[in-house]
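Computed over heavy atoms, backbone and side chain alike; hydrogens, waters and symmetry mates excluded.
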Amino acid sequence: MEDLVTVAAFPSPAEARLACAELESAGIQCLLPDQHTLGVDPGLVNAFGGYRLCVPESRVEQARAVLTSTVSDEELEAQALAILPQDDAT
């Protein structure tokens, strides 16, 4: 089994799950190893260094690239328009 490497840490579980979902949508398996422990006692978040997001060692660079990528406003608008129902009346 491949070693896991922490690629990011987040102050909230929502942010951590969102980042994990983003990686999974890019085909990168990820794990939030502390989510249950911190869910029981949120006061430990700072002691644990946040909600850690881990990926297999071979995917670290790809994961970091996904997490640091940005989407332009134009790209977001195009994606939103692509999923909206088209008006057949025009």
Side-chain angles (χ1 to χ4, degrees):
M1 183 169 175
E2 194 170 354
D3 289 337
L4 294 175
V5 175
T6 300
V7 292
F10 301 91
S12 75
E15 290 175 272
R17 285 192 295 270
L18 182 62
C20 190
E22 187 175 7
L23 291 179
E24 288 172 342
S25 73
I28 302 171
Q29 291 181 328
C30 56
L31 177 70
L32 298 167
D34 306 319
Q35 69 177 334
H36 298 295
T37 302
L38 296 177
V40 171
D41 187 355
L44 294 174
V45 171
N46 288 334
F48 274 66
Y51 288 83
R52 295 180 302 133
L53 177 60
C54 300
V55 299
E57 191 171 27
S58 64
R59 304 297 298 266
V60 168
E61 293 305 316
Q62 293 166 321
R64 287 186 176 143
V66 168
L67 293 173
T68 59
S69 67
T70 58
V71 178
S72 70
D73 289 341
E74 292 80 17
E75 237 180 306
L76 286 174
E77 184 177 354
Q79 289 175 11
L81 291 173
I83 62 170
L84 289 176
Q86 299 299 315
D87 185 8
D88 293 335
T90 59

>> To the closest 0.5 Å, what do you measure between CG (Leu4) and CG (Leu31)?
In response: 6.0 Å
>> Using 0.5 Å steps for rounding, measure from the OG1 atom of Thr6 to the OH atom of Tyr51.
In response: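 Result: 15.0 Å between the selected atoms.
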>> Hydrophobic clustering (ILVMFWY, side-chain heavy atoms < 4.5 Å, transitive) - are Leu18 and Phe10 grouped together?
In response: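 Hydrophobic grouping puts Phe10 apart from Leu18.
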> Do Val45 and Phe48 share a hydrophobic cluster (ILVMFWY, side-chain heavy atoms under 4.5 Å, transitive)?
Replying inline: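 Yes: a chain of side-chain contacts under 4.5 Å links Val45 to Phe48.
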>> Can you tell me if Glu2 has over 12 outside heavy atoms packed within less than 6.0 Å of its CD?
In response: yes
> Any salt bridge (Lys or Arg N to Asp or Glu O under 4.0 Å) pairs touching residues 21-34, not counting sequence neighbours?
Replying inline: Asp34-Arg52
>> Taking salt bridge (Lys or Arg N to Asp or Glu O under 4.0 Å) as the cut-off, I'd like each qualifying pair that reaches into residues 3-20, sequence neighbours left out, listed once.
In response: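 Listed by first then second residue: nothing to list.
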> Are the sulfur (SG) atoms of Cys54 and Cys30 separated by under 2.5 Å?
Replying inline: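 No, Cys54 does not link to Cys30 through a disulfide.
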> Are side-chain heavy atoms of Leu53 and Leu32 found at a separation under 4.5 Å?
Replying inline: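 Heavy-atom side-chain distance check passes, below 4.5 Å.
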> Pick from Val7, Val60, Leu67, Leu23: which one makes a side-chain contact (heavy atoms from CB on, under 4.5 Å) with Ile28?
Replying inline: Leu23
